[in-house]
2 protein chains.
Amino acid sequence: MTAIGEALQQAGGADTPHADTPHADTPHADTPHADAERVMRIGEVAALTGTTPRTIRYYEEIGLLSGGDTRVLGKHRCYSQAEVDRVHEIVRLKELLGLSLEQLSQLLEAETARAEIRRELHATDDPGRQRELLLQSEGHIANQLTLVRGRLAELAKLEADLSERARRVRLRLEELGA
Amino acid sequence: MTAIGEALQQAGGADTPHADTPHADTPHADTPHADAERVMRIGEVAALTGTTPRTIRYYEEIGLLSGGDTRVLGKHRCYSQAEVDRVHEIVRLKELLGLSLEQLSQLLEAETARAEIRRELHATDDPGRQRELLLQSEGHIANQLTLVRGRLAELAKLEADLSERARRVRLRLEELGA
DNA sequence: ATTGTTCCTTACGTGAACGTCAGCTTAGCA
DNA sequence: TGCTAAGCTGACGTTCACGTAAGGAACAAT
């Protein structure tokens with residue numbers, strides 16, 4: 001496939017990038033309430049997010065992922081659905097906005113804080129503290145929105161330019177046909 | 001400035017990235033019709049496009065820029081406004097779509113062909129040939145549009161997600177305030 | 001207990017996209 | 001004609017974002 005082909009396909013997504021674990025995830029739920037907070041290992045997370053274990057470890061290395069605070073060195077990393085979500089978010093923002101991982105780690109300060117905030121929101125009864133946390137959240141999201149909307153505007157302008165070009169070419173073709 | 005700051009500013013553009021040529025472009029038009037097809041050298045092009053001479057040479061090296069077909073080796077490269085436009089286009093697509101330069105060179109086949117097409121369109125009187133050229137142009141633009149619109153859709157979805165999140169946080173804040 | 005698969009850490013390798021330095025030539029000007 | 005700023009051609013260095021390989025430990029199943 002050509003490079004442009006890849007670029008065009010890039011919008012589709014949802015492919016099967018590599019087969020790491022051959023037999024799929026255990027279909028029969030052996031343990032009760034298994035789906036809610038299943039503990040996953042790195043290979044599964046990688047497969048679910050369309051990345052590789054190496055990538056996940058790298059993201060941990062540079063501080064994008066926590067990588068199991070309480071994990072004993074030398075033992076397996078274990079992840080929950082929350083980490084999967086985060087990796088998905090990382091990939092999405094990275095591809096869509098073309099940000100470097102350093103920029104992302106700053107932007108994702110929002111997400112990092114969100115987990116913390118959710119925990120603390122449920123833990124505290126102090127309305128003042130809750131207010132503070134929510135305001136922080138709002139600020140982070142606003143940051144992301146600013147970035148995304150800026151990109152949207154630029155892309156819209158590009159689209160307009162291209163449409164205009166296409167229109168002109170069509171006009172000339174009609175002239176020619178007439 | 002923080003990385004996120006840069007990312008947020010990235011939408012603004014139009015900064016002065018570096019001062020290469022101290023005294024600006026000769027303000028007095030010595031030669032007549034100077035602005036139409038001024039011949040520029042690499043430093044000026046770099047300054048105008050917010051890049052560096054090295055970058056321009058690199059783009060030439062990998063085939064993204066022609067770099068003066070008729071240029072004698074060892075002599076200075078010279079550029080016209082067309083090259084400046086092309087570099088601008090490259091930078092724009094690269095940043096906005098996050099494409100690799102190889103992908104870009106495929107996508108920009110359109111632009112490459114356009115110059116050719118414009119020349120040939122004026123050179124030939126054969127309507128059949130003209131039709132063919134215009135159809136080619138149309139195809140290339142359509143390719144670009146597909147790519148851009150795909151991105152636009154993805155970004156719009158992201159924006160919607162973020163807005164939804166922001167809405168929820170605001171709701172909780174109102175609850176709290178009430 | 002053995003075995004096969006997945007994972008661990010460490011460390012070196014890689015491709016893209018330039019940056020940077022050296023040594024020399026060209027172009028504009030005084 | 002001489003000077004200086006800008007450009008030229010190698011060629012090596014660098015950062016990012018991982019890939020890959022080696023040697024060993026951990027888990028699941030038998």
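Each chain gets a letter, A, B and so on, in the order its sequence line appears, and its residues count up from 1.
One interatomic measurement links the two molecules: OH of A:Y79 to P of C:dT6, which rounds to 17 Å at whole-angstrom precision. Regarding B:K75, its NZ atom lies at a distance of 12 Å from the C1' atom of D:dG7, rounded to whole Å. When the P atom of C:dT25 is taken as reference, atom CZ of B:R41 falls 18 Å away, rounded to whole Å. If you take CG of B:L65 and P of C:dA17, they are 14 Å apart, rounded to a whole angstrom. Atom P of nucleotide D:dC18 and atom CD of A:E60 are separated by 15 Å, given to the nearest angstrom. Rounded to whole angstrom, the span from the CG atom of A:L104 across to the C1' atom of D:dC18 amounts to 15 Å. In this entry the distance linking CD of B:E102 with C1' of C:dG15 reads 11 Å, nearest Å. In this structure, OH of B:Y58 is placed 21 Å from P of D:dG7, rounded to the nearest angstrom.
Within 4.0 Å of A:R57, counting heavy atoms only, lies at least one base atom of the nucleic acid. Nucleic acid contact for B:I62: none, since no nucleic acid atom lies under 4.0 Å from a heavy atom of the residue.
Among D:dC16, D:dG7, C:dA17, the nucleotide with an atom closest to any side-chain atom of B:I42 is D:dG7. Considering only the side chain of B:R54, D:dA11 comes nearest among C:dT9, C:dC7, D:dA11. Comparing C:dT6, D:dA6, C:dA17 by their closest approach to the side chain of A:H76 singles out C:dT6. The nucleotide whose nearest atom lies closest to any side-chain atom of B:T52 is, among C:dG19, C:dA17, D:dT9, C:dG19.
Put simply, CG on A:N143 and CG on A:L108 are 11.5 Å apart, with the number rounded to the nearest 0.5 Å.
Taking the side chain as every heavy atom from C-beta outward, B:R92 and A:K157 approach each other to under 4.5 Å.
By the criterion of side-chain heavy atoms lying less than 4.5 angstrom apart, applied directly or through intervening Ile, Leu, Val, Met, Phe, Trp or Tyr residues, A:I62 is grouped together with A:L65 in one hydrophobic cluster.
A close approach under 4.0 Å does occur between a side-chain nitrogen or oxygen of A:Y59 and OP1 or OP2 of D:dC18. Residue A:T55 places at least one side-chain N or O closer than 4.0 Å to OP1 or OP2 of D:dG19.
The two atoms that bring B:R71 and B:H76 nearest to each other are CD-O, 3.5 Å, heavy atoms only. Residues A:Q130 and B:L176 come closest through the heavy atom pair OE1-CD1, 3.1 Å.
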